[in-house]
Amino acid sequence: MSPMLVVGVGNLHRADDGVGPLVAQIVRERRIAEVATVAEPLDLIEVVAGHQCVVIVDACSATTTLGQDWPLGSNGARTFFCMRGGPPKGHRSGTRGRKVVTASLHGFELLDVLDLAAALGVLPADTLVLLVKGERFGLGEPMTDAVRRSALDAADWIVEYEAAIVGEP
Amino acid sequence: MKTKTLKLGALSRVEGEGEVTLTIRGDELADVQLRIFEPPRFFEAFLRGRRYDEAPDITARICGICPIAYQISSVTAMEHALGIEIDPSVRALRRLIYFGEWIESHALHIHLLHAPDFLGYPDAIRMAADHPEIVKRGLRLKKLGNELMAAIGGREIHPVSVRVGGFHAVPTRRDLAGLRERLKPALDDAIEAARWAATLDIPAFEPESVFVAMKHPSEYPVFDGVIASSDGLELPIDQFERQYHEYQERHSHALHSRSMGAGCYQVGPLARFNLNRGLLSPTAMAMANDLDLPAQVRNPFQSIVVRAIEQVHAIEESAQIIDAYEPPGRAWVKHEVHAGEGCGCSEAPRGICYHRYRIDDQGAITFARIVPPTAQNLARIEQDLRQWVPGLLGLPNEEMRVRCEQAVRNYDPCISCATHFVRLEVLPG
């Protein structure tokens, strides 16, 4: 059994926000890793607890240059990066500093949840977040073709990553 | 005389966008404004012309944290308009799903939003490093609340099963059996949470306040009964708008509310508790007594304790409902559509959520009014700050900000709910 857990975060009914669950579905079909989906990021804490290696896939709408490093996390996870059209091959950034967001609302954002999981001691040592930039998030709208392609790229990358993990001594 | 305006910036750990502005003249507080700048959302306007049976799912979108409150208030209003009597089992299920929402909302607020104030942390994340057991307990309780909502409502966020006349589908006894087992450890968690909350350093603050909540002769109120107040009023739900008036403040995208003859008033856990303490479940009532809560809890900072007591009640009554549950013969009542008007009111986690609708003979909504709990509390929150801030004036600005935010969070405000509508006047050109 693979030591990896893949978690898709998002809502399939909200266009590109569904990329996380879509990647999870593709990975499940390929039977390479345990898979889970969550609609609310806070649920991640229970889902990831007890695992050694987790890949979390979510959509983002940030106006940043994607495909490059994006300093997202300071929570002890090994690597964070965002991606478009698949993560940069062979690329890993180090853990970056990030100001903790204190204006948390009733809905906790993904990165706050990861910080919380780290503070609780349940964040797996090897945690990666794949973020796919979406273009539209309206209820009932179809996912864009670009994001569908990104989902396939992300799944391919996860396959490679999982093989590397399994191959590690 | 020197005047200082202190903007406390975007409020954190509340739902929605708002800020507090304090105007300090010399060494006196001259003005307080709880500025709500989250954009208005016009729900009442775009309900007009929609079918009566769309109201539950449309209004549920007003809030992600208390969709059940909007669904139940809207279906009860429509059922009154159409003269529909629901099955007792359906009524019990509605209480159960509503308790799921209370548990989820209270657990989040007690443990992750309000607790950091009392323990001296800027947020739950930094508190979790030193007090992981508190956060984990909150997450366990929140999850249970979510599961209750999902079991009955189909999903935890914006559940979909509530409908006019009943539910689209109802669970079997077996569906609820697993949850029943989970309620046992959850009750232990809730009791522990209440005991812990009572040990917190609660600031001394006893403002005079008028409390308004629903009241029922035999049940801790959720969605049936009358509107009652601590100044002795008891009104049928359809008289609500005669006594409680909405009005616009220039600094707020959300309407404020006042009680005729009494001014600002307060809804929410303290109001429910103060007006219905004798109807708490046995364990919740025993805890309220053991923790020496006064007959009338006036200190808004004690709301964290009262929420914890309500959580005990919600779990204990949920168990009773599941034990007694028999699925109804029909999940929903068939009904004729005709023109009518009806009101509905229910006790959202933050207080009473009032709806009134008028529908035509085709079932189209021609009028909608929704009065959410946070909008009713806004004037009361400002009044608390007027009384609370003078004692803080010698403090550094940052400490004053923290203490003011704590006072605002006593009400667990949901600004996104409150801004569902703003009065809009179009002047002739």
Side-chain angles (χ1 to χ4, degrees), chain A residues 7-14 17-18 20-21 36-50 58 72-77 80 95 97-124 127 137-141, chain B residues 9-19 38 57 61 63-66 104-105 107-109 111-113 116 121-140 142-144 146-147 150 155-158 160 349-350 401-402 405 409 412-417:
Chain A
V7 187
V9 181
N11 184 343
L12 276 168
H13 301 294
R14 281 198 172 273
D17 190 48
T37 58
V38 298
E40 187 182 1
L42 205 50
D43 292 340
L44 272 170
I45 290 177
E46 187 183 22
V47 169
V48 303
D58 196 4
L72 293 177
S74 62
N75 47 36
F80 285 123
T95 299
R98 185 176 71 88
K99 185 182 175 188
V100 174
V101 178
T102 55
S104 53
L105 307 179
H106 280 156
F108 280 68
E109 292 183 4
L110 173 64
L111 298 171
D112 290 331
V113 170
L114 295 180
D115 283 333
L116 187 57
L120 292 172
V122 299
L123 187 71
T127 298
F137 298 92
L139 189 63
E141 291 183 327
Chain B
L11 290 165
S12 63
R13 284 182 274 135
V14 301
E15 169 58 37
E17 298 165 11
E19 67 177 21
E38 174 146 333
D57 290 326
R61 265 58 180 188
C63 187
I65 200 87
C66 53
E104 188 265 347
S105 179
L108 178 68
H109 189 258
H111 296 91
L112 278 82
L113 303 179
Y121 294 89
D123 54 48
I125 296 166
R126 277 171 274 197
M127 186 184 79
D130 296 335
H131 301 283
E133 74 289 349
I134 294 174
V135 174
K136 286 180 179 175
R137 184 178 65 217
L139 292 173
R140 284 195 300 272
K142 181 178 184 303
K143 184 165 186 282
L144 174 81
N146 280 342
E147 288 174 353
R155 62 186 188 191
E156 59 199 49
I157 301 174
H158 294 140
V160 292
R350 287 149 200 82
R401 181 191 66 75
V402 168
E405 283 203 358
R409 279 192 286 270
D412 189 13
C414 184
I415 293 169
S416 300
C417 282

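Proteins get letters first, then strands, A, B, ... in listed order; numbering begins at 1 in each.
Counting heavy atoms of neighbouring residues, nucleotides and ligands inside a 6.0 Å radius, atom CD of B:Glu147 exceeds 12 of them.
Contacts with chain A (heavy atom to heavy atom, under 4.5 Å) involve these residues of residues 130-138 of chain B, listed by number: B:Pro132, B:Val135, B:Lys136.
Here B:Lys143 is the residue among B:Glu156, B:Lys143, B:Arg155 with the most heavy-atom pairs under 4.5 Å with chain A.
The nearest pair of heavy atoms linking A:Leu120 to B:Ala128 is CD2-CB, 3.8 Å. Across every non-hydrogen atom of B:Ile125 and A:Leu116, the tightest pair is CA-CD1, 3.8 Å.
When heavy atoms are compared at a cutoff of 4.5 Å, A:Asn11 does not approach chain B at all.
The distance from atom NE2 of B:His158 to atom NE2 of A:His13, rounded to the nearest 0.5 Å, is 13.5 Å. Note that CD1 of B:Ile157 and CG of A:Asp43 are 7.5 Å apart. Values are rounded to the nearest 0.5 Å.
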